[in-house]
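A short worksheet on the structure shown next.
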Amino acid sequence: MTGATGFLGTAVVERLLRSTDAEIVLLVRPGRRATSADRARREIFRNDCFSRLRSEVTDLDDLVARRVRVVAGDVAVDGLGLDDAARELLAGCATVIHSAASVSFDSPLDAAVEVNLLGPTRVAAAMADVGCRGHLIAVSTAYVAGSRRGRAPEALLPDTPFSTEVEWRAEVDAARRARADIDAESRRPQHLTRFMKEARSELGAAGTPLLATRAERRREQWVVDRMVELGRARAGALGWPDAYAYTKALGERALLETHGDVPITFVRPSIIESSLAEPVPGWIRGFRMAEPVIISYARGLLKEFPGLPEGVVDVIPVDHVVAAIVAVAAAGPSADGPSVYQVATGSRNPLRYRILVDLVQLYFKEHPLYDGDGQPIVVPRWSFPGRGKVQGQLERTVRALKAAERLVATLPVRGKKAETSTGIESRREDAERALSYVRLYGAYSETEAIFDDARLRTLWDTLPAEDRDAFNFDTRTIDWAHYVHNVHLPSVVHHARVRTTGGGRAGPDRSERGRRAVLSPERHLAVFDLENTLIASNVVDSYAWLATRRMPDDERVRFVFRTLREAPSLLALDRRDRGDFLRHFYRRYEDAPVEQLRSDAWQLFAHLLLTKSFPAGVRRVREHRALGHRTLLITGALDFVVDPLRPLFDDVVCASLGERNGRLTGELVEGPPTGEARALVMADYTATHGLSLEHSVAYADSASDLPMLEAVGFPVAVNPESKLSVIARKRGWHVEHWTRAPGGPRPLLPIGPRLVRA
């Protein structure tokens, strides 16, 4: 069997072990860091699908060891990548169930071609190569019929009226060429420049390595997106709803053309959903087609969804499909050659789209989900608009939210104000998700095909009573109201892990849990940024204060206007590269008297830095020290500016300028630790002191500090600016909002007070 780690495959393996005496060979693709046996143990036999069997046998592991063999292989590779032992096992198999597939409706075209189109022929070729004459059951999909109206017969595609004939070899060659061409296109200078620009827009001055990594991911994703778009367009042009159905249909044709003499049976299920009864009601693995739409509707995110109210939503419980596959395997191949069984409900027990929508709406009226404030979410009533109308509305919404995001990202806001950007981004993601559902699944909600299952009914009629009781695939027994309301939807809600109760949450909230985690005695090291993390100030403020400390009034005025005029260019340089900005800016200290600056720096600390400090931040440093954690300050500020803060920390890493004849040179002798340099400093520090970064905490406010935050196991975003606020939300990082101490006069401008001479 192939595809055992998937939803259907896992259910088939469980049923074979629980209800038959079959011995099973599983072809499992090894993972990057896991063997095939490891994947089978983790992804198949530890799944809750096996909970019932585990309770019914003395030792499930022993049962698996006696009746299951796991071999390494890959259906995307010619020869399946089998070693000699696996080839020998394949040769002795009486039945081969091929259910491995790229089941995503938006798979890149080339990936779908390699697995869905060529996979069945590779399996058949491997069988022929080792002399296996077993019965090949190829799991396909009823939607190989394409976007057609009326009856879709239970027949081979070449024998089906209105079936689109396509030369499958040409499609394979075209998909492979397209991947190479699009990959080459992605490497053109104009695209590479755009990817880097987008990475910088997302991460700011996070440092070259992170920006380069992000830009390369954007390039790779651009290639994938183009291949997905190509697959969708090619499938639509040939009359299929998506690349999945298109490549599955061509996979059937390729198998018949190349290995039509093999005993083949195609099993074509419609849309497979949670189990009706076996192994337990409502068992499901992952989100299928309907679940994301249902949960988005229940959360109030999906206001409309296209569909024909009188149309048939052809869903089938997974245990019905499993029972049909086992029955087909038991019956053996047809004496008349390759054959087809369609496992669907539309012809005998149709579920109308309006009925489904009404059942879903009724369920969430009776069992609403709750928002973050503990209030019930009122679900809307769909009006069944056309797919084009819904898609157009969502596309306009996405464009508007993207424009709002770009605008907010340019504003110099941080902390709770920056959460505006996070909220807009969250709404944009919700709209994009809804749009993707419409694009992916809209065609299935508007289908007018009725899948015939006459041969499957005949097979059912031949079964003895005891087999009918044990392996039910009679779709007439499905009570849709019971299944949707009492079986499927409760299971969907449970697996979605959404909020189903109102009122306040019991126990500590997320913020308190995050605070407890960072202040756990198990932490090793706490690393702090300085500017806008512990104090609401920056290097420009400090320089302006020190530079004007001894200036006469007329020069002060000129200095202020000159600084304001330079502010936009300085800000732009800072956003491009923090290190370059600091080097450029610190040259202004050239020829400044060292001893005078060190003396004035203490007054700077008392007059400016203390008034702009965050008391909660200072307390946090002391809390870490009280818990026995080492504390480290990493800042791009100059040494004489941070000297008054040294007693607060175990160690300080900062920038320093060269000196000559008692004056500063304006050139750095200790470079500013910015970007990835901070992560390297932290790595060296923990190695020197025998500490672990995985058990350490880092506090910072900007996306430019991402390398520092990503280096530790417990990152904390403090008063984050917009970019970091968005990143912290996506990654689930702890966020702190620290404020300056109330009261006391604060200077409007960071200008040093006039020096009063005795």
Side-chain angles (χ1 to χ4, degrees), residues 528-564 566-567 570 581-582 585-619 621-622 631 633-649 651-670 672 701 738-758:
F528 291 84
D529 178 36
L530 177 62
E531 296 165 351
N532 293 309
T533 301
L534 293 175
I535 59 172
S537 183
N538 54 48
V539 297
V540 177
D541 289 349
S542 300
Y543 172 79
W545 195 99
L546 292 168
T548 58
R549 178 77 170 107
R550 301 166 188 272
M551 276 186 184
D553 289 348
D554 57 339
E555 288 188 36
R556 285 174 177 244
V557 173
R558 287 194 293 273
F559 178 89
V560 168
F561 281 108
R562 186 168 61 249
T563 303
L564 292 175
E566 290 180 304
L570 291 174
F581 163 74
L582 292 175
F585 191 79
Y586 284 159
R587 290 196 177 93
R588 297 165 188 241
Y589 281 98
E590 183 179 0
D591 206 36
V594 175
E595 291 306 317
Q596 177 182 299
L597 278 177
R598 294 194 184 281
S599 174
D600 287 348
W602 281 92
Q603 297 178 52
L604 164 70
F605 175 70
H607 180 264
L608 181 69
L609 301 187
L610 273 182
T611 64
K612 290 194 171 188
S613 67
F614 300 130
V618 176
R619 284 196 301 271
V621 178
R622 289 173 174 161
T631 55
L633 175 67
I634 301 182
T635 175
L638 293 167
D639 52 0
F640 54 81
V641 173
V642 300
D643 276 345
L645 291 167
R646 288 185 184 274
L648 191 60
F649 300 91
D651 291 288
V652 174
V653 177
C654 60
S656 62
L657 294 171
E659 301 178 17
R660 185 185 302 115
N661 300 324
R663 292 184 175 272
L664 297 178
T665 63
E667 297 177 1
L668 289 161
V669 294
E670 290 292 339
D701 70 290
W738 295 340
T739 59
R740 292 185 293 183
R746 294 191 179 96
L748 295 176
L749 295 172
I751 296 176
R754 293 183 183 84
L755 182 64
V756 179
R757 299 183 182 278

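Computed from a predicted model, the values in this text were never measured in an experiment.
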Q: Please report the shortest heavy-atom distance between A637 and C654, naming the atom on each side.
A: O-CB, 3.3 Å

(Q) Checking E590 now: which residues fulfil salt bridge (Lys or Arg N to Asp or Glu O under 4.0 Å) with it, not counting sequence neighbours? (A) none

Q) When rounded to the nearest 0.5 angstrom, what distance separates CG in D529 from OG1 in T635? A) 6.0 Å

Q: Taking all non-hydrogen atoms of both residues into account, name the closest pair between G658 and V669 and its distance.
A: CA-CG1, 3.6 Å

Q) Nearest 0.5 Å, what's the CZ-CG distance between R660 and D591? A) 10.0 Å

Q.
Nearest 0.5 angstrom please: R598 CZ to L546 CG, how far?
A. 12.0 Å

(Q) Using every non-hydrogen atom in the two residues, find where D701 and E531 come nearest and quote the distance to one decimal. (A) OD1-O, 3.1 Å

Q. About how many Å separate OG of S656 and CG of L664, when rounded to the nearest 0.5 Å?
A. 10.0 Å

**Q.** side-chain contact (heavy atoms from CB on, under 4.5 Å) between V539 and Y586, intermediate numbers included
**A.** CA-CA 9 Å; V539 297; Y586 284 159; 3.2 Å; yes

Q) Is R622 atom CZ crowded by more than 12 heavy atoms from other residues, nucleotides or ligands, each under 6.0 Å away? A) no

Q: Please name the pair of heavy atoms, one in A601 and one in P644, separated by the smallest distance, quoted to 0.1 Å.
A: O-CG, 4.4 Å

Q: Start with the C-alpha distance between F649 and V642, add both sets of side-chain angles, then the distance that settles side-chain contact (heavy atoms from CB on, under 4.5 Å), and finish with yes or no.
A: CA-CA 11 Å; F649 300 91; V642 300; over 6 Å; no

Q: Quick one: pull up OG1 in T533 and CG in L633 and give me the separation to the nearest 0.5 Å.
A: 9.5 Å

**Q.** Identified side-chain contact (heavy atoms from CB on, under 4.5 Å) counterpart of V618 within the set L534, L648, I535, L645
**A.** L648

(Q) How close do A655 and L668 get, counting heavy atoms only, and between which atoms? (A) CB-CD2, 3.9 Å

Q. Which residues satisfy the ring pair (Phe, Tyr, Trp, His ring centres under 6.0 Å) test with F614, sequence neighbours excluded?
A. none

Q) If you measure from CG on L609 to OG on S537, what distance do you get to the nearest 0.5 Å? A) 5.5 Å

Q. How about E667: does its CD atom have over 12 heavy atoms from other parts shown lying under 6.0 Å from it?
A. no

